[in-house]
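Each chain gets a letter, A, B and so on, in the order the sequences are listed, and its residues count up from 1. As a basis for the values below, the full set of heavy atoms in this structure was taken, side chains included, without hydrogen atoms, waters or symmetry mates.
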2 protein chains.
Amino acid sequence: MAYDLNKFFKAISDPSRVKIMELLKDKELNVSEICQHFDMQQPSVSHHLSVLKNADIVAHTKRGKEVYYRLDSICITSCCNGFQEQFMDIEKLGKA
Amino acid sequence: MAYDLNKFFKAISDPSRVKIMELLKDKELNVSEICQHFDMQQPSVSHHLSVLKNADIVAHTKRGKEVYYRLDSICITSCCNGFQEQFMDIEKLGKA
DNA sequence: TTTATACATAGGAATGTATCTATATATTAA
DNA sequence: TTAATATATAGATACATTCCTATGTATAAA
């Protein structure tokens, strides 16, 4: 899949969204569980989740009433490495 | 040096700034030379350069009337890798 | 010293973004 | 079917960002 780098970096340019990503680091959480870690209202959290989803940083699964979100670590790796490679000399490429 | 990740990602979340970074990939350029690659006015380019400078992505040297900008590739590597590591499992760390 | 050139800064208009409240939709429980 | 719960969407407001024009500052040239 081809990730949109500009969308990715815009998405991670917000501290609340990075915090959500950290919460999802090694476990799935539903929206209410994520909300408990913030002072924001639930619609704001939902908005941030939709930005992350739109950048392919998180995926979600609906189970019953709840929607569970999880991190897509391939996206993170791919975007961070892909961006770096844009600025590497040709001879340095492929060393990662 | 400790880079500000949020500042870094905000800085690279703009296509014009990424284009400046690409222009500086393997050579120093002064502001006028950079301007030639854009439809923007010079003050807008100057503004983008100051955002990049503020995030430690570029450094500059004044020579005569001209100010030459260059890319700090350590910053790029350090921020991209540093961010990724935030979301890696402990056992995976250190493999890059 | 005056003029020209290179760049930066100030201030404003248009647009984008984050947050809120109110409400819609989907699912489960009564 | 009706009520309750979980989440998403809509619309408004405040603030941030991008771009512009106008102008300031530093350096070099005349």
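- What separates CG of A/Leu52 from P of C/dT17 is a distance of 14 Å, to the nearest Å.
- Counting non-hydrogen atoms under 4.0 angstrom, A/Tyr68 reaches nothing in the nucleic acid.
- Residue B/His48 places at least one side-chain N or O closer than 4.0 Å to OP1 or OP2 of D/dC19.
- Closest contact between the side chain of A/Val67 and the listed nucleotides D/dT21, D/dT7, C/dC7 involves D/dT7.
- Closest to the A/Asn30 side chain, of the nucleotides D/dT7, D/dT21, C/dT21, is D/dT7.
- Counting heavy atoms from C-beta outward, A/Leu29 and A/Tyr68 have side chains that stay 4.5 Å or more apart.
- Residue B/Tyr69 is the one, among B/Tyr69 and A/Ser44, whose nearest nucleotide of DNA chain C lies closer to the 5' end (criterion: closest heavy atom).
- We find that NE2 of B/His60 is positioned 14 Å from P of D/dA26, with the value rounded to whole Å.
- The backbone N or O of A/Asp26 sits nowhere less than 3.5 Å from a side-chain atom of A/Arg70 that would complete a donor-acceptor pair.
- The aromatic rings of A/Phe83 and A/Phe9 sit perpendicular, their planes meeting at an angle over 60°, well past the 30° parallel limit.
- Between A/Ser32 and A/Gln36, the side chains place no donor N or O within less than 3.5 Å of an acceptor N or O (distance only, hydrogens not considered).
- From A/Leu24, atom CG reaches atom NZ of A/Lys19 across 12.5 Å, with rounding to the nearest 0.5 Å.
- You'll find the side chain of B/Lys10 stays beyond 4.5 Å of the side chain of A/Lys10, heavy atoms only.
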**Message:** Return a single string for nucleotides 23-30 of chain C, one symbol per nucleotide in 5' to 3' order, where B is base contact, S is sugar-phosphate-only contact and - is none, cutoff 4.0 angstrom on heavy atoms.
**Reply:** ---SBS--
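- To the nearest 0.5 angstrom, A/Leu71 atom CG is 5.0 Å from A/Met21 atom CE.
- In this structure, B/Thr77 contributes its side chain and B/Ser73 its backbone to a donor-acceptor pair below 3.5 Å.
- Within the helix from C/dT1-D/dA30 to C/dA30-D/dT1, the inter-axis angle between the opening and closing five-pair segments is 10°, rounded to 10°.
- In this structure, B/Gln41 atom CD and D/dA22 atom C1' are separated by 12 Å, rounded to whole Å.
- Using a 4.5 Å heavy-atom threshold, the side chains of B/Asp4 and B/Phe8 count as separate.
- In this structure, the CD1 atom of A/Ile20 is 13 Å from the P atom of D/dT7, given to the nearest Å.
- The CG-C1' distance, from A/Asp14 to D/dA16, rounds to 12 Å in whole Å.
- Considering CG of A/Leu52 and NE2 of A/His47, their distance stands at 9.5 Å, rounded to 0.5 Å.
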Please write out each protein N/O paired with an N/O of nucleotides 14-16 of chain C under 3.5 Å, distance rounded to 0.1 Å.
none

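- A side-chain donor-acceptor contact under 3.5 Å links B/Glu33 to the backbone of B/Asn30.
- In this structure, NZ of B/Lys7 is placed 15 Å from P of D/dA16, rounded to the nearest angstrom.
- Atoms CD1 and CD, from B/Ile20 and B/Glu22 in turn, are 11.0 Å apart once rounded to the nearest 0.5 Å.
- The interatomic distance linking B/Met40 (CE) with D/dT21 (C1') rounds to 16 Å, in whole Å.
- One atom, NE2 of B/His47, and another, P of D/dT17, lie 8 Å apart when rounded to the nearest Å.
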